[in-house]
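Side chains included, hydrogens not; waters and symmetry mates left out as well; all remaining heavy atoms used. Note that ligands are numbered from 1 as they come in the structure, with each ligand's atoms numbered from 1 the same way. Count residues from 1 along the sequence.
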Amino acid sequence: MFFRRPRSWEIKESQVTPKASYVNRRQILAAAGIGVGAIASAPLLPKLASAQEVDPSASLYPVTNNGSFTAGEGRVLTPEDTATTYTNYYEFGSSKNIWRKAQDLPIRPWTVVLDGMVEQEQTLDIDALLAEAPLEERIYRHRCVEAWSMVVPWSGFPLSWLVNKAKPLSGAKYLRIETFEDSKVAVGQRQTWYPWPYVEGVTIDEAANDLAFMVTGIYGKPLPKQNGAPLRLALPWKYGFKSIKGIVRISFTDVRPVSFWEEINASEYGFWANVNPEIPHKRWSQATERDIGTDKRIPTQIYNGYGDQVADIYKNVTDRRLWS
Ligand SMILES: Nc1nc2c(c(=O)[nH]1)N[C@H]1C(S)=C(S)[C@@H](COP(=O)(O)O)O[C@H]1N2
Ligand SMILES: [Mo]
């Protein structure tokens, strides 16, 4: 077997992993009678293709690249192998190395329910949705609250397109977005102290912003399960936990949703969670981030560098904790 040394960012990351997961991982390691070093020297990863069945949406990709979204000054695309094997998906465990376990998730049939304050509730079949949606590719930066980041080419469609399709009533102020729940296949969901299912929320104004993107593919291919197939969100100006994976329901509501991480620890993970280098997390600085592709530490930018597109959303929001 091949072993590799942990990279510096992996060590850094373990220092900033949310406490619940860190404690949990230590407990599991202790119970298994192995030290943290055993995890750090994980075997080299085999190619993904061998582990995955052919996705029924494969023929839709690649889709046309929208040139208005670029990596940004001094940034380069993260290698595909890195972005698809270093993933956060607590449904499959609290480590980054869950991509094999995520292959257990059946992604067909898959439906997405649009309900709550809408003209009429709808249940959409994912393949019908993919056939109808205006798919395009966008290169986005992604900044995790744990101070690592990547630059990836997502394929998908604007969230605003789906909002229009849902026909929300005028009183709807928020989208409450929910992940699948199935502890038979998602081993992490057997950890009953977490408030499953994973939930996230955005305001109607945030959902209407052109940057809010529903992701169905990556690197010109269908989205791998570990990255949130068949449907996940990308909100590149917010910390990564807002970009919810494995979406099965979007409910329109006038009540602000309480998100998964907010419910676990509201003082550390707020509703808005806009990226801001000047507002530290309670347990670490947010001034810099580790790019997982280049392994370089770089300065973090306000709104992750997307302020020109999103700052206006917040100009009249004065009474809220906009950061962290
Ligand atoms: N359902 C669900 N969505 C999720 C998560 C999760 O654990 N479960 N993790 C979030 C976090 S913390 C991040 S940083 C991103 C990671 O996306 P990636 O693994 O595709 O990079 O997914 C987000 N979406
Ligand atoms: Mo994250």
Check your understanding: Listed by chain and number, what are the salt bridge (Lys or Arg N to Asp or Glu O under 4.0 Å) partners of Lys221, not counting sequence neighbours?
Key ->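 With sequence neighbours excluded, Lys221 shows a salt bridge (Lys or Arg N to Asp or Glu O under 4.0 Å) to Glu80, given in chain and number order.
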Check your understanding: Are the aromatic rings of Tyr90 and Tyr198 close, with centres under 6.0 Å apart?
Key -> no
Check your understanding: Hey, do the aromatic rings of Phe213 and Phe157 have their centres closer than 6.0 Å?
Key -> no
Review point. Who are the residue neighbours of ligand 1 when the rule is a heavy atom under 4.0 Å from any of its atoms?
Key: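 If the criterion is a heavy atom under 4.0 Å, then ligand 1 touches Thr87, Asn88, Tyr89, Tyr90, Glu91, His142, Cys144, Trp148, Met150, Thr179, Tyr198, Asn227, Arg232, Gly240, Phe241, Ser243, Ile244, Lys245.
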Check your understanding: If only atom types and distance count, is the side chain of Asn227 paired as donor or acceptor with the main-chain N or O of Ala83 below 3.5 Å?
Key ->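 Side chain of Asn227 to backbone of Ala83, a donor-acceptor pair under 3.5 Å: yes, one is there.
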Check your understanding: Can you name the residues that form a ring pair (Phe, Tyr, Trp, His ring centres under 6.0 Å) with Tyr303, not counting sequence neighbours?
Key -> Tyr314, Trp323
Practice item. Apply ring pair (Phe, Tyr, Trp, His ring centres under 6.0 Å) to Tyr239 and list each qualifying residue two or more places apart in sequence or on a separate chain. Key: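 Applying ring pair (Phe, Tyr, Trp, His ring centres under 6.0 Å) to Tyr239 gives none.
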